[in-house]
Amino acid sequence: MLISPQTAQGLLADLTQACGLPVDPEELGHCRFTVGDHVFIGDFPLRGYKHKGRWRLDDREVQKAGRALAQLPFDPHDLVDTKLPVRRPDSDGYGDTDWRRMLLRWMRHAAFQETWDNGCPCGPRTEEGRSCRRREGLQTNGLRCGLTIDQFNQHYGQETIAGTRPLDVLSWDQDRKKWLAPRAYVALLDRWATAWGKVDDKARQCSGCGKTTDDRWGWRSPTHNGWITLCPRCTSTSHEKYAGHLHGTKYDSLSRLVRADGYLCQLCSEPRRASYWDHCHDHGYVRGLLCASCNRLEADYFRRLRMCVHPPPHCFEDYWRFPPALRFQWIASSPNSFRHKVW
């Protein structure tokens, strides 16, 4: 039976009530299903099913994951070295499935915030604005300069990895100069990293021809049934170009049968599935069809929050002046706003 994420959260909380692992059932309550239609609890992928525009979970999968975690042998005193990197790696491209680098990134961000707000015992900020001269230095507590254990917990104590709170079981061994965690928990996170990598690889694969892309979001589009991954070639063959047949149509008058996801986005330079009927919120006329990414970027650009990422003739200015479904005459009513008149 399909249940809501909130119901799944309560079910998981009951099943893992006596579990020694730091499971956070709230992970299910606010899951976004942004990677492969799955959310992870431990190393168990729970698939999301979109039903009537809302995400649902299978209660049998939730029960299976909850029982498996509750029965997992866990000794909080059997500690092993987590093998966290001491220094920042050469590349800043932290992998989403590398939980060790995620923890290191948390430490660095929390330390930067504290030293930026409260100063650093190493001295004043440098000319480059850096808050600490010992950029890679560690204190006796294993954290970066200016950061205490309590402060680290305030910043990231509620953050989760694989549906668990790692800071609840993470400890610093001053004698060995190592970060320690229970053996069973370290093994669980390693299995999660492997499982998430497989889900992520699947999300990068075109469901039509099987080709893969390095950009996780480059080919992915939301649909009424969930996410879909289609390469430009498969997208162009399975979706229509908008022919302008909705010229002068009000957005509110569109039937639900006229779906946007059967057409191509009119701003992307490469073929991409549309997700929304873009319309003017002042007079309600349809402008055209946009994918989820362009729809969000267009709103941010209108509010002057970011620059347009589309080169001409696919930029927002050209799209606004000559919308496929309707033509407007743009008039500047103030330095940062426009009003438009229908031609």
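Quick note: residue numbers are just sequence positions, from 1.
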(Q) Using modelled atom types and a 3.5 Å cut-off, is there a donor and acceptor pairing between side-chain atoms of Ser207 and backbone atoms of Thr229? (A) yes
(Q) Looking at Ala181, is its backbone amide N or carbonyl O close enough to the side chain of Thr82 to form a donor-acceptor pair, meaning the two atoms are under 3.5 Å apart? (A) no
Q: Give the cluster check for Leu167 versus Leu79: same hydrophobic cluster or not, with ILVMFWY residues linked at side-chain heavy-atom distances below 4.5 Å.
A: no
Q: Report the relative orientation of the aromatic rings in Tyr251 and His279; use parallel for angles under 30°, tilted for 30 to 60°, perpendicular for over 60°.
A: parallel
Q.
Tell me which pairs pass side-chain hydrogen bond (donor to acceptor under 3.5 Å, both in side chains) where either residue lies in residues 3-13, with sequence neighbours left out.
A. Ser4-Thr7
Q) Is Asp98 salt-bridged to Arg100, cutoff N-O under 4.0 Å? A) no
(Q) If you apply the rule salt bridge (Lys or Arg N to Asp or Glu O under 4.0 Å), what do you find for Asp173 with Lys178, and how did you get there? (A) CA-CA 5 Å; Asp173 188 326; Lys178 302 289 186 181; over 6 Å; no
(Q) With a 4.5 Å cut-off on side-chain heavy atoms, are Tyr285 and Lys250 touching? (A) yes
Q | Pairing of Asp37 and Arg47 as salt bridge, 4.0 angstrom limit | A | no
Q.
Tell me if a side-chain donor or acceptor on Gln266 pairs with a main-chain N or O of Leu289 at a distance below 3.5 Å.
A. yes
Q | CA sep, side-chain torsions, deciding dist, call: Arg67, Gln63, side chain to side chain donor-acceptor pair (under 3.5 Å) | A | CA-CA 6 Å; Arg67 293 193 185 100; Gln63 292 180 32; 3.0 Å; yes
Q. Side chain of Asp59, backbone of Met1: donor and acceptor closer than 3.5 Å?
A. yes
